[in-house]
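Notes to accompany the following structure.
Convention: sequence-line order gives letters A, B, ...; per-chain numbering from 1. Computed from a prediction, not measured in an experiment: that's the story for all the values here.
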There are 2 protein chains.
Amino acid sequence: MAKKKSVEVDLSTEEKIKEAAKKVFLKKGYAATRTRDIAEEAGLNLALLNYYFRSKEKLFDLIMLEKLEKFFGVIAPILNNSTTSLDQKVTLFSNNYIDLIIANPELPLFILSEVRHNPERFAHKLPVVKVADSHFVRQLQEKRPDINPLHFLMNLLGMSVFPFIMKPIFHASGILSEKVFLTRMEERKALIPKWINAMLKAK
Amino acid sequence: MAKKKSVEVDLSTEEKIKEAAKKVFLKKGYAATRTRDIAEEAGLNLALLNYYFRSKEKLFDLIMLEKLEKFFGVIAPILNNSTTSLDQKVTLFSNNYIDLIIANPELPLFILSEVRHNPERFAHKLPVVKVADSHFVRQLQEKRPDINPLHFLMNLLGMSVFPFIMKPIFHASGILSEKVFLTRMEERKALIPKWINAMLKAK
DNA sequence: GTCTATAACCTGATAGAC
DNA sequence: GTCTATCAGGTTATAGAC
């Protein structure tokens with residue numbers, strides 16, 4: 001039944017390695033990860049990694065593409081839906097996106113730093129164009145032709161994602177517990193639409 | 001005269017290594033950087049790195065602390081100034097911070113990912129407390145006691161910093177040139193105060 | 001202070017037994 | 001398919017000549 005993240009015991013060897021790789025790569029990043037870390041995390045031998053995935057690089061690419069899909073996959077459908085209003089898009093986006101990242105907290109910083117360290121490698125896999133020329137952007141242009149839509153896009157994305165990117169800092173400082181942080185993020189789901197709305201009316 | 005970033009020729013050997021290390025560490029991150037890269041970038045021999053700085057780790061710590069100082073050093077003074085209004089703080093912050101990051105574009109992502117990968121190591125060097133309990137925060141609480149100040153802090157910081165964090169993505173996609181990006185960021189200096197103001201009045 | 005040479009170690013990948 | 005053993009190459013750090 002539970003096909004996702006059971007106790008990770010009844011998985012095939014190949015899946016065990018992939019799950020372990022996800023965990024370690026997302027935590028440490030590509031460069032700091034050793035194939036031995038992954039094998040150990042999977043409770044398996046190092047040789048099996050190469051048997052199933054040929055190389056560290058190929059295994060990483062596989063996972064990176066999956067994560068890119070996850071990170072961008074939610075955005076485009078919401079912002080390109082031509083049947084929803086601007087308000088609805090903003091609400092849908094902040095809610096879905098915050099939920100996604102609560103479930104995958106390391107996702108944003110992982111993707112952002114790996115893309116930064118290897119831009120040309122993943123360039124063709126970044127479906128940003130679909131966002132930059134979306135129905136959402138056209139609706140923004142209609143409402144506020146005086147302001148470049150990129151600003152609102154950055155704000156919407158940033159207000160949803162940025163707190164998670166800053167979390168390591170606040171956590172390390174010991175001034176914000178995980179529980180309180182999550183409470184704040186839940187609050188944001190309702191606050192972001194209000195804020196965006198207020199910004200759209202400003203001046 | 002020009003003591004900062006001259007043609008980097010009249011620098012002492014120690015300074016040459018440090019400048020090269022800054023450049024390489026900020027570009028690649030700690031794990032992906034090899035001491036050979038730094039030596040080569042400095043146009044010097046590898047052994048000199050250890051002669052002057054003992055180890056890769058010690059050299060990195062030195063630079064990391066400097067960068068943390070830079071990243072957080074601007075925030076606290078502005079947010080803790082008890083003679084400025086809330087509006088003034090917001091304007092000062094967005095202006096100074098965006099300028100700082102235009103001059104050091106890799107700074108945010110560098111700090112964020114290195115702290116993430118080694119939280120306990122830099123925990124005691126993160127002066128976030130000064131921000132979380134600042135004059136700015138108290139002013140926010142007065143104006144909007146119904147909303148946790150952390151939200152506005154995240155928004156102000158995020159609206160200034162997040163675009164730079166996303167820049168690699170937009171760049172890699174080829175849909176946003178450096179020149180256009182900078183134009184947008186200059187615009188933001190004036191827009192952020194307006195937006196924050198509108199948010200503070202909302203509902 | 002600066003270099004070359006090399007030690008000591010680590011890492012990705014494979015050969016070969018089971 | 002899975003393991004142990006090991007290779008080949010790279011990496012940090014140091015010894016020692018100049």
* Look at all strands and tell whether A:Phe53 reaches a base, only sugar-phosphate, or nothing, counting heavy atoms closer than 4.0 Å. => nothing
* Determine: side-chain N/O of B:Tyr51 to OP1/OP2 of C:dC3, distance under 4.0 Å, yes or no. => no
* Over 60° means perpendicular and under 30° means parallel, so classify the ring planes of B:Phe152 and A:Trp195, tilted if in between. => tilted
* Nearest-angstrom distance from the residue atom NZ of A:Lys16 to C1' of D:dC3 -> 14 Å
* To do: Taking B:Asn118 for its side chain and B:Glu114 for its backbone only, find out whether a donor-acceptor pair lies under 3.5 Å.
  => no
* Choosing from D:dA13, D:dT2, D:dT4, which nucleotide comes nearest the side chain of A:Asn45? -> D:dT4
* Asked: Below 4.0 angstrom from OP1 or OP2 of C:dT2, is there any side-chain N or O of B:Thr13?
  -> yes
* Nearest listed nucleotide, side chain of A:Leu44, among C:dG1, D:dT6, D:dC3 -> D:dC3
* Pick one: which of A:Lys89, A:His135, A:Gln139 meets side-chain hydrogen bond (donor to acceptor under 3.5 Å, both in side chains) with A:Thr84? -> A:Lys89
* What is the nucleic acid contact for B:Arg54, judged by heavy atoms within less than 4.0 Å: base, sugar-phosphate only, or nothing? -> sugar-phosphate
* When the distance from CZ of A:Arg36 to C1' of C:dA13 is rounded to whole Å, what number comes out? -> 9 Å
* Structure fact -> Closest to the side chain of A:Ala47, out of D:dC3, C:dC3, C:dA13, is D:dC3
* Asked: With a 3.5 Å cut-off and no angle check, do the side chains of A:Arg188 and A:Asn95 form a donor-acceptor pair?
  -> no
* Between C:dT14 (C1') and A:Leu48 (CG): distance, integer Å -> 13 Å
* Asked: So what does A:Leu49 touch, heavy atoms closer than 4.0 Å: a base, only the sugar-phosphate, or nothing?
  -> nothing
* Rounded to whole angstroms, how far apart are CD on B:Glu57 and P on D:dT11? -> 18 Å
* Structure fact -> To the nearest angstrom, the OH-P distance between A:Tyr52 and C:dA13 comes to 18 Å
* Select from A:Arg34 and A:Asn50 the residue whose nearest nucleotide in DNA chain C is closer to the 5' end of that strand. => A:Arg34
* Take the angle between the ring planes of B:Phe181 and B:His171 and call it parallel below 30°, perpendicular above 60°, tilted in between. => tilted
* Round to a whole Å and report the spacing from CD1 of A:Ile38 to P of C:dA13. => 10 Å
* Asked: Could you state the CD-C1' distance from A:Glu14 to D:dT2, rounded to the nearest angstrom?
  -> 14 Å
* **Nearest-angstrom distance from the residue atom CD of A:Glu40 to P of C:dT11** => 12 Å
* Residue A:Thr35, side-chain heavy atoms: nucleotide from C:dC3, C:dA13, D:dA13 that is nearest -> C:dA13
* Asked: Looking at C:dA13, C:dC3, D:dA13, which one has an atom nearest to any side-chain atom of A:Leu46?
  -> C:dA13
